[in-house]
There are 2 protein chains.
Amino acid sequence: MPLAGRPTSKDVAQEAGVSQSTVSLVLGGKWSGRVSPATARSVRVAAERLGYRPNPAARNLRLGTTRTVLLMVPTLSAPFFGPVYTGAARVAARHGLGVVVSTWPDDADGPAESPFPAPHEAIDGVLASSMPAAALERFQGTPAVLLDSGPHADVPTVDFGVADGMRAIADHLTGLGHRRIGHVAAGVDQWTFRARAETLSAAVAALPGGALARAACAIDVASARDAAHRLLARPDPPTALVCDDDLIAAGAYKAARALGLDVPGEVSVTGFDDVLLATALEPELTTVRLPAEEMGAQGMTALLELLDGGRPAPRVLPGRLVVRGSSAPPRAPLPP
Amino acid sequence: MPLAGRPTSKDVAQEAGVSQSTVSLVLGGKWSGRVSPATARSVRVAAERLGYRPNPAARNLRLGTTRTVLLMVPTLSAPFFGPVYTGAARVAARHGLGVVVSTWPDDADGPAESPFPAPHEAIDGVLASSMPAAALERFQGTPAVLLDSGPHADVPTVDFGVADGMRAIADHLTGLGHRRIGHVAAGVDQWTFRARAETLSAAVAALPGGALARAACAIDVASARDAAHRLLARPDPPTALVCDDDLIAAGAYKAARALGLDVPGEVSVTGFDDVLLATALEPELTTVRLPAEEMGAQGMTALLELLDGGRPAPRVLPGRLVVRGSSAPPRAPLPP
DNA sequence: CTGAAAGCGCTTACAG
DNA sequence: CTGAAAGCGCTTACAG
């Protein structure tokens, strides 16, 4: 019972010798012209002496709003979500709102079927990022904006121009002369990865002589390394590995090195996202920069609009191809 | 006014033709033996039909607890905090608590002096990680545990054995034969970095012929690269760079490469933390593994103890030296 | 088995 | 300038 024993505004009132409503007026900053300066001062002194802090639950109940927004993400370990939060928090702060982050509850634990909101759902709205296809029901009744989760009929969305980004990668590589492409694909059930796979498939299929091989992996270095290794060990290995994520590209680098293949001399590698890791790698990674912070900001803007009773239009944020040192023309094939 | 118009338990009661207290009993799962199954069913149906969700603010006020804990971190962009969250959330879930994350508010925005808690402080307790020296006052009155913030007289703490970890790095390098050490130091006002600097200084000072040069940087690749470059460009360059963070080590790699220096052949590099990046780099990074997830778990355990009225003892979690490919004996000095 | 009522701690008309 | 009172939406004794 952590709040038990905490002083309330009533205690402060008693200490200051005034009424509870006067305390509320003074500490709420609405006293000028309504309470004498001397009384206000004594209230402040009493509050300070008692270490009084208003009970947020009471205030939230009374006001009908918590001025807090929840950002839901699949994981906090992916570097992508830091900037999303930053962008959202920046816009929120400008409107006097706080942002709090949480991850999808592990369905392993606890009764998933509780009709009750999780406690941290004492919030005004939700920004749900990179949602697994299903999980939207949890928010019925809570204003929500979907980030990086694909188009949706009923809910406002902010997405990246993933297809354009993937096409830019494909164009870049085929422009360099690559024809045998390997796709090291994130085996994750999210819209963005489905869109990446479909776009790449279509782009390579449209290419005379194009051939696509695909290997799926988890979004971690070891799993990506193994998947890339499978592709590179084929009898007709790809000359370029298109990776669904910068982290996956790091795994591809490792696979190439293990096979004694130079990047980009013997195999080109591309990433997706342009997180910090992209420039920490050697060679620096050709990738598509996704404006994560902008996604957070636009998402929060849309949510504010929604909370205001508006119907925010879907937004799509273009990615941008960033060519660095990991892509080059394929080595001329040796005569058979 | 996002909550306006939402159905309340009163609406459900009316819809089901029962009293509000019966609704509360049924939906709260405390009805068996007190409400007839038929009534319970009709309440559930009515709640479903109206899309009723209990108001968490009312429930929190009534119960005096939110069953939510706030994890405060300096930034969400550092990969270190993902595992801290995971560990804390795991322990919390076991006790029916939720964890929510937030960053230190940018003091730039807003009136820092508000006597009111930020809205997201509708919580039972705080896990404050890697605090800037000052910021503790914000929690007066809220049960708090300090993570990675150094010892504290009044507040329970969980810390890493940073000094031991740094000594292990120093011993490893001096054991290899290094004498001229460069410290690429995080210029951040946090206990952990002060402890790292002091320990390294002492270790090198205790070493016959030991010499330490230090350059400070921000915790990002570019800033670290510049700092490392300054050290390596000295007339008597260090043969080993001790970096305060794995990310800083990535910058040191870049500086070495820019100067044509092989790692570890011509300069050894060590990191700290052992985040994912450490094994994505080439060569893989010698570093100290800090058990971040364990810190989150132990911190939450301590907080639960505190909420239970206990006085949890300070905890120190040992780091572990992980030797990989980035450290080697120094090249024998050429005769003068 | 069911309902009327108290009360959590605030904010804000309203009365004086 | 100040205070008494209503009410936000719950949970939980208590009475019947």
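Note on naming: letters A, B, ... go to the chains in the order of the sequence lines (proteins, then strands), and numbering restarts at 1 for each one. Everything numeric in this text was worked out from a predicted model, so none of it was measured. These numbers come from the heavy atoms of this one structure, side chains and all, not from hydrogens, waters or symmetry mates.
Rounding to whole angstrom units, CG of residue Leu63(B) and C1' of dG7(C) are separated by 12 Å. Rounded to whole Å, the distance from CG on Leu27(B) to P on dT12(D) is 13 Å. Here dC8(D) presents its P atom at 16 Å from CG of Asn60(A), a figure rounded to the nearest Å. For the pair Lys10(B) NZ and dG3(C) P, the computed distance is 15 Å after rounding to whole Å. Distance, Arg59(A) CZ to dC8(D) C1': 14 Å, rounded to whole Å. At whole-Å resolution of the value, CD in Gln14(A) and C1' in dG3(D) are 15 Å apart. Here dC1(C) presents its P atom at 20 Å from CD of Gln20(B), a figure rounded to the nearest Å. The distance between atom CG of Leu50(B) and atom C1' of dG9(D), rounded to the nearest whole Å, is 15 Å.
Residues forming a side-chain contact (heavy atoms from CB on, under 4.5 Å) with Ala186(A) (at least two apart in sequence, or on another chain): Val188(A), Phe193(A), Ile219(A), Asp244(A), Ile248(A). In terms of the side-chain contact (heavy atoms from CB on, under 4.5 Å) criterion, residue partners of Ala46(A) (sequence neighbours excluded) are, by chain and number, Val12(A), Glu15(A), Ala16(A), Arg49(A). For Thr39(A), the side-chain hydrogen bond (donor to acceptor under 3.5 Å, both in side chains) partners are Ser36(A), not counting sequence neighbours. Considering only residues two or more places apart in sequence or on other chains, Ser129(A) meets the side-chain hydrogen bond (donor to acceptor under 3.5 Å, both in side chains) condition with none of them. When the side-chain hydrogen bond (donor to acceptor under 3.5 Å, both in side chains) test is applied to Glu305(B), the partners found at least two apart in sequence or on another chain are Arg315(B). Legend: residues meeting side-chain contact (heavy atoms from CB on, under 4.5 Å) with Thr192(A), ordered by chain and number and at least two apart, are Asp148(A), Val162(A), Gln190(A), Arg196(A). Applying the ring-ring contact (aromatic ring centres under 6.0 Å, His included) rule to Phe160(A) yields the partners Phe80(A); only residues at least two apart in sequence or on another chain are considered. Take Ser149(A) and apply the side-chain hydrogen bond (donor to acceptor under 3.5 Å, both in side chains) test, not counting sequence neighbours, and it matches no residue. For the side-chain contact (heavy atoms from CB on, under 4.5 Å) test, no residue two or more places apart in sequence or in another chain qualifies with Asp308(B).
Using a 4.0 Å cut-off, no side-chain N or O of Ser9(A) falls inside it from OP1 or OP2 of dG9(C).
Among the nucleotides dC8(C), dG3(C), dT2(D), the one closest to any side-chain atom of Leu61(B) is dC8(C). Residue Thr22(B) has its side chain nearest to dT2(C) when only dT2(C), dC10(D), dG9(C) are considered. The listed nucleotides are dA5(D), dA4(D), dC10(D); the one nearest the side chain of Ser19(A) is dA4(D). Across dC10(D), dA4(C), dC10(C), the shortest atom-to-atom separation from the side chain of Thr8(B) is found for dC10(D).
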Which string of ( ) [ ] | and . matches DNA chain C, if you list each base 5' to 3' and count Watson-Crick or G-U pairs only when both distances are under 3.5 Å? |||.||||||||.|||

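Within residues 35-42 of chain A, the residues that have a heavy atom under 4.0 Å from DNA chain D are, in order of number, Val35(A), Ser36(A), Thr39(A).
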Strictly under 3.5 Å: I want the nitrogen or oxygen pairs between protein and nucleotides 13-16 of chain D, one per line.
none

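Note on Lys30(B): only backbone sugar-phosphate atoms sit closer than 4.0 angstrom, heavy atoms only; bases stay farther off.
Between Glu293(A) atom CD and Leu317(A) atom CG the span is 12.0 Å, to the nearest 0.5 Å. Within the model, atoms OG1 of Thr66(B) and CG of Asp124(B) stand 3.5 Å from one another, a figure rounded to the nearest 0.5 Å.
Counting only heavy atoms from C-beta outward, the side chains of Leu70(B) and Leu127(B) never approach each other to under 4.5 Å.
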